[in-house]
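Inspection log for the structure reproduced underneath, given as structure tokens.
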Amino acid sequence: MVKEKTLKPSKELPLGFVDRKEKELLIRDFVISNIKEVMIKYGFQYLETPSFEYTDSIGKFLPDKDRPGEGVFSFKDENKWLSLRYDLTAPLARYVAKNYLEIPKPFKRYQLGTVWRNEKPGPGRYREFLQFDADYVGTKNLQADAELCVLISEILEKCGLDKADYIVKISSRKFTDKLFEQLKITSQDQISTTLRALDKTDRLGWEEVKKLLGEGRKDKSGDYTKGANLKNDQIKIIEDALKNKTPNSEDVEEIIKIFQAYNFKNYQFDPSVIRGLEYYTGPIFEVNLNFEVKNLKGKTIQFGSIGGGGRYDNLINNFGNLDCPATGISIGLDRFVFALMQKKDFKIKSTRPVIICVFDKNKIKEYIEILSNLRNSNISSEIYPGEGKLKKQMEYANKIGSPAVILYGDDEIKSGKVTLKNLETGNESSIKIEDLANEIRKLL
RNA sequence: GCAGCUGUAGCUCAGUUGGUUAGAGCACUAGUUUGUGGAACUAGGGGUCGGUGGUUCGAGCCCACCCAGCUGUACCA
């Protein structure tokens, strides 16, 4: 008989997806609770929309609209294309359009949710991640834009960042619009290429960007990128405009005034902040971290932005004749958590249970008594859930990071006390059962 | 998409100019210790050498194609 090849299910994860462990999740929870507190304080409503939307509801403004664009995960359901949301702004626009008459105007809402992007993942960038998004809908008042920046900074500081750890960069689409007018560039193609090139200033540096503005650039791998074909004098004008760190743009000036009223100083006007192409219509912002972050291989990396946003006065109008200006900001929470885990002095309390070791299965009643006592005192605890000798139980406790182990065998039963072993120091002490909870609390 | 690099044990990797039964460290299991983890020692399990085809007496190693991953780059609402 021929041996059939057994089909084993793959234990590998799809490209760009990851398992996330407790330490990361606890920090994420901590960040989320800070976000919620701040958002309530600033008067935002909490909203949740579904993971799937009709593709055209969230993709209408995409260049190719017949088929779900590259970049989204989609499937066809009853002849209609559905896509997993790729951000929280597009679903918000859909929500606002759908409920336009009922919602208050302006409408302030925040949302936390997983988003998916069907694209090539990079270091620290996945195809599934958690996003936080806050938006002001239905107002042109730049106070909204300013407040988004202030609020983000409050969240970051609440999570333990110092002022030196981050900066909010701001610019405006109006700044670049003016620049193109001055340069007499009208070709949409050239404008796009130029904007994309400028967007890379942070990562590549001005000298490389210059090549992209001109003929083109060859990267490290030898790959060649075509440039915007600007003339040298045009490039010079751009260079000068970027050097000039005063915002030649009314909206940015007004926002800065509001920042001053808030006594918010941790911002910087940076005309190289571009963020995407069509979508934004006015002020744009980006949040950057300044502290050192290492990648999984221990190499220090340039972490870049953890989020950003801007004003999108025409997006909601795509759903019909709704003149509804809006502005918003998003943070990639997993990326932020990844960085936060590495910040010096950042500690999160983990809560691993104390283990009650099992010497004799017939003594289960006594063990449960001790256990109930601890759990009633709100101490994380468990009776060793497996089977095996004490050695194995100790190994288990050690491996899960348990702070202590409780021994209650024949010797203890005779003396009427339990042995509490501190797993960090290895010290053992004999404790009366009624004092156990208090003694353990001292270790935690 | 384009380009470069890399695929050998759960993980990190070694493997001579092609030559018997493919190695190490970590991890795992058992024991040294029938009531004691993190250290040490001993023993053990674990591999279609990414896949397919080819060259060869003989392929982890050479060739071709495919697949996957990494890095850069492009696109990115």
Side-chain angles (χ1 to χ4, degrees), chain A residues 3 5-6 8 10-16 53 55 57-65 68-72 83 85-94 115-125 127 131 133 192-193 195-197 199-200 203-204 208 211-212 216-227 274-280 295-299 301 308-310 312 314-315 318 328 330 355 357-360 384 388-413 419-428:
Chain A
K3 209 176 182 181
K5 210 175 185 179
T6 44
K8 273 186 247 170
S10 170
K11 59 197 167 190
E12 303 305 324
L13 287 167
L15 179 69
E53 297 270 357
T55 300
S57 316
I58 52 168
K60 214 165 196 173
F61 51 92
L62 285 172
D64 57 351
K65 46 187 186 288
E70 299 276 318
V72 287
S83 295
R85 63 187 177 204
Y86 54 80
D87 73 0
L88 298 176
T89 310
L92 171 68
R94 188 232 85 216
V115 302
W116 294 266
R117 294 190 185 178
N118 188 4
E119 60 193 25
K120 192 193 149 184
R125 290 186 186 275
R127 292 161 95 194
Q131 215 174 44
D133 188 274
S192 301
T193 313
L195 284 176
R196 280 199 296 265
D199 202 17
K200 288 165 190 136
R203 185 160 46 88
L204 303 178
E208 297 303 308
K211 293 179 193 164
L212 286 170
R217 167 179 182 267
K218 202 183 212 169
D219 70 53
K220 263 193 258 173
S221 68
D223 193 20
Y224 187 77
T225 311
K226 249 181 74 187
I274 304 291
R275 296 197 70 79
L277 296 176
E278 300 309 321
Y279 186 110
Y280 293 115
N295 67 10
L296 295 174
K297 286 178 183 161
K299 198 177 132 201
I301 51 168
Y312 50 99
N314 301 326
L315 181 61
N318 284 340
S330 303
I355 307 298
C357 293
V358 176
F359 286 83
D360 178 354
Y384 174 67
K389 294 182 284 197
L390 186 59
K391 180 185 167 80
K392 212 171 170 186
Q393 304 190 30
M394 296 293 293
E395 281 168 355
Y396 168 78
N398 187 54
K399 186 146 194 175
I400 66 167
S402 170
V405 129
I406 290 163
L407 306 177
Y408 193 63
D410 289 343
D411 299 350
E412 285 82 5
I413 290 172
T419 300
L420 178 65
K421 175 160 180 161
N422 180 332
L423 284 183
E424 206 178 316
T425 62
N427 290 341
E428 287 183 14

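This structure is a prediction, so every number in the text was calculated from the model and none was measured. Here is the naming used below: chain letters follow the sequence lines, and residue numbers restart at 1 for every chain.
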Checklist entry - Does the rG35(B) base have a donor-acceptor partner in the side chain of E412(A) within less than 3.5 Å? => result yes
Item to check | Contacts of K200(A) that satisfy salt bridge (charged side-chain N to carboxylate O under 4.0 Å, His left out) - sequence neighbours left out | outcome: none
Checklist entry - Does the side-chain ring of Y86(A) sit on the six-membered ring of the rA77(B) base, less than 5.5 Å centre to centre and under 30° in tilt? => result yes
Checklist entry - Which residues satisfy the side-chain contact (heavy atoms from CB on, under 4.5 Å) test with E208(A), sequence neighbours excluded? => result L204(A), K211(A), R217(A)
Item to check | For R117(A), all residues meeting salt bridge (charged side-chain N to carboxylate O under 4.0 Å, His left out), sequence neighbours excluded | outcome: none
Checklist entry - Looking across every strand, which nucleic acid part, if any, lies under 4.0 Å from L15(A) by heavy atom: base, sugar-phosphate, or nothing? => result sugar-phosphate
Expected rows: protein N/O vs nucleotides 5-7 of chain B N/O, under 3.5 Å:
none

Item to check | Length of the line joining Y396(A):OH and rG35(B):P, which is rounded to integer Å | outcome: 21 Å
Next on the checklist: For a quick check, tell me whether the side chain of K120(A) and the base of rU73(B) share a donor-acceptor pair closer than 3.5 Å.
Outcome noted: yes
Item to check | side-chain contact (heavy atoms from CB on, under 4.5 Å) involving N398(A) - partner list, sequence neighbours excluded | outcome: none
Checklist entry - Separation of R196(A) atom CZ from rU73(B) atom C1', in whole Å? => result 13 Å
Listed pairs, N/O of protein and of nucleotides 27-31 of chain B, under 3.5 Å:
from	atom 1	to	atom 2	distance (Å)
rC28(B)	OP1	K399(A)	NZ	3.2
rG31(B)	OP1	K389(A)	NZ	3.1

Checklist entry - For the side chain of N398(A) and the base of rG37(B), is some donor closer than 3.5 Å to an acceptor across the two? => result yes
Checklist outcome for this item: Sequence neighbours excluded, the answer for side chain to side chain donor-acceptor pair (under 3.5 Å) partners of S330(A) is D133(A)
Checklist entry - Can you name the residues that form a salt bridge (charged side-chain N to carboxylate O under 4.0 Å, His left out) with K389(A), not counting sequence neighbours? => result none
Checklist entry - For F359(A), what residues pass the ring pair (Phe, Tyr, Trp, His ring centres under 6.0 Å) criterion, not counting sequence neighbours? => result none
Checklist entry - Can you list the residues that meet the salt bridge (charged side-chain N to carboxylate O under 4.0 Å, His left out) rule with E119(A), with sequence neighbours excluded? => result none
Item to check | Atom-to-atom span, CG of D360(A) to C1' of rG35(B) - whole angstrom | outcome: 13 Å
Next on the checklist: Can you list every stem that RNA chain B is part of, counting only runs of 3 or more consecutive Watson-Crick or G-U wobble pairs with both distances under 3.5 Å?
Outcome noted: B:1-7 with B:67-73, B:10-13 with B:23-26, B:28-32 with B:40-44, B:50-54 with B:62-66
Checklist entry - Residues two or more places apart in sequence or in another chain: which of them pass side chain to side chain donor-acceptor pair (under 3.5 Å) with Y396(A)? => result E382(A)
Checklist entry - More 5' along RNA chain B: D411(A) or R203(A), using each one's nearest nucleotide? => result D411(A)
